Protein chains: 2
Amino acid sequence: MAAVDLSTHPGHLARRLQQAHHLLWNAMVSEEITSPQFAVLNALIAEPGLDQRGVGERVRLDRSTVADVVGRLTRRDLLDKVRDPQDGRRALLRPTAEGRRVHRRLTVRAARMNEVLLAPLADEERALFLSLIQRVADAAERLRDPLAETVTPS
Amino acid sequence: MAAVDLSTHPGHLARRLQQAHHLLWNAMVSEEITSPQFAVLNALIAEPGLDQRGVGERVRLDRSTVADVVGRLTRRDLLDKVRDPQDGRRALLRPTAEGRRVHRRLTVRAARMNEVLLAPLADEERALFLSLIQRVADAAERLRDPLAETVTPS
DNA sequence: CGGAAATAGTCAGTGTGCTGATGAAATCTC
DNA sequence: GAGATTTCATCAGCACACTGACTATTTCCG
């Protein structure tokens, strides 16, 4: 008695969704490169030369996790990591040629995987689905970092 | 160039949602008991005497993870774990009195937390949000275990 | 009954994800 | 310019989460 229906708990559903995604990713995208690794690679293709802090901001990972993921990617020679000569604290990251190749290949496969994952939803529902999750996640992230509101000027 | 917009990737959004949830859980529900631990406890309050496999089925965790989580809960004396005398392979689990107390307390707090997490959505959107995630997760889980469809007869 | 197959649990190994402590480098301030 | 503060990275420690290998027990079947 007094037990709760977990299907009304967004946290539980989020975990299930992630599991489902993880499963499909392994089956349809890659067994070697994980989805967070792809996200990091993707951020560095968009902005080569970013440091770890910058990557973490873009893909929403904390410092420690970024260091781990970057470590794995550099070990596989998908990333180059060099000390910033201008600022000895920073490690500048950029994708290798191989990293760009892998990224290109996985991008295509990830698109196919997303199709399968979202197959149960009608077209209009898909956009809605994505925007609802994003609104909830955005709001919660804003709770964490107080302000930083509105558009950041150049 | 050729970088992807991760906000169109449900997997990435799922991870961000989970992170947001994790954060709020820590702040508003408990720093000691995690959300998966609560889920396991909840399953055993609904059905005391379940074995680990049964728990894993209910909360969607694999055998190894269930063993980990159950280990932590028994170490904290929130769960009792005894060998099934009828079937020596099984470990029968049931919540302790303390486990029930903790569960009751966290249930109230989790409800408050869910309110905050879903605050950015209007009432109708919340139900929609939950049902969309559930449909996607359900469908993906069905991909994993072929059949097992329809109602399982008594 | 007795061997083969199925089932429950454990263990080792890997990867994500967090916090908190530490160290190194840059910047700010007096 | 020297000391305090901030910033970037690393490390240890914990918790989830999966796979694959292994053990113990039970069940199934000849």
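Remember, predicted model here, so these are calculated numbers, not experimental data. Residue numbers start from 1 in every chain, and the chains themselves are labelled A, B, ... in the order their sequence lines are given, proteins ahead of strands.
Taking atom CD of A:Glu31 as the reference point, atom C1' of C:dT14 lies 14 Å away to the nearest angstrom. Rounded to an integer number of Å, the gap from CZ of B:Arg75 to P of D:dA15 is 7 Å. One interatomic measurement links the two molecules: CD of A:Glu32 to C1' of D:dC18, which rounds to 16 Å at whole-angstrom precision. When the C1' atom of C:dA8 is taken as reference, atom CZ of B:Arg83 falls 8 Å away, rounded to whole Å. Rounded to whole Å, the distance from CZ on A:Arg63 to C1' on C:dG23 is 13 Å. Nucleotide D:dA15 holds its C1' atom 18 Å from the CZ atom of B:Phe38, rounded to whole Å. For B:His21 and C:dG17, the NE2 to C1' distance is 15 Å, given to the nearest whole Å. Atom-to-atom, CH2 of A:Trp25 to C1' of D:dA17 comes out at 17 Å; the value is rounded to the nearest Å.
Rounded to the nearest 0.5 Å, atoms CG (A:Asp80) and OG1 (A:Thr74) are 9.0 Å apart. Between atom CD1 of residue B:Ile33 and atom CG of residue B:Leu41 there is a gap of 7.5 Å, rounded to the nearest 0.5 Å.
Of the two residues contacting DNA chain D, namely A:Asn26 and B:Ser35, the nearest-nucleotide position lying further toward the 5' end is that of B:Ser35. Taking for each of A:Asp84 and A:Thr34 the nucleotide of DNA chain C with the nearest heavy atom, the 5'-most of the two is the partner of A:Thr34. Between A:Asp87 and A:Arg60, it is A:Arg60 whose nearest contact on DNA chain C lies nearer the 5' terminus.
In this structure, A:Lys81 reaches the D:dT10 phosphate: one of its side-chain N or O atoms is under 4.0 Å from OP1 or OP2. Checking the phosphate oxygens (OP1, OP2) of D:dC18, a side-chain nitrogen or oxygen of A:Gln19 falls inside 4.0 Å. Applying the 4.0 Å criterion to OP1 and OP2 of D:dT10, one finds that A:Gln52 has a side-chain N or O inside that range. At C:dG17, one or more side-chain N or O atoms of B:Arg15 fall inside 4.0 Å of OP1 or OP2 (strictly under the cut-off).
Set against C:dG15, D:dA15, D:dC18, the side chain of B:Leu61 has D:dC18 as its closest nucleotide. Side-chain proximity of B:Thr65 to the nucleotides D:dT10, D:dA17, C:dG15 is greatest for D:dA17. Distance from the side chain of B:Arg76 is smallest to D:dA15 among D:dA15, C:dG20, C:dC18. Distance from the side chain of B:Ala91 is smallest to C:dG9 among C:dG15, D:dT10, C:dG9.
The existence of a salt bridge linking B:Glu47 and B:Arg94 is excluded, since no basic side-chain nitrogen approaches an acidic carboxylate oxygen closer than 4.0 Å. Salt bridge annotation for B:Arg89-B:Asp84: absent, with no cationic side-chain nitrogen under 4.0 angstrom from a carboxylate oxygen. Taking the charged nitrogens against the carboxylate oxygens, A:Arg101 and A:Glu98 do have a contact shorter than 4.0 Å, which makes a salt bridge.
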Review item, nucleotides 4-7 of chain C N/O atoms under 3.5 Å of protein N/O:
| from | atom 1 | to | atom 2 | distance (Å) |
| --- | --- | --- | --- | --- |
| C:dT7 | O4' | B:Arg89 | NH1 | 3.4 |
| C:dT7 | O2 | B:Arg89 | NH1 | 3.3 |

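Within the 4.5 Å cutoff, side-chain heavy atoms of B:Arg15 are placed close to those of A:Gln18.
The two residues A:Arg135 and B:Pro120 have their closest heavy-atom pair at NH2-O, 3.0 Å.
A:Asp62 comes within 4.0 angstrom of a nucleotide base, judged by non-hydrogen atoms across all strands.
In summary, the side chains of B:Thr8 and B:Asp5 do not present any donor paired with an acceptor at a separation below 3.5 Å, with no hydrogens or angles considered.
The base of D:dT19 sits within donor-acceptor range of the side chain of B:Ser64, with an N or O pair under 3.5 Å.
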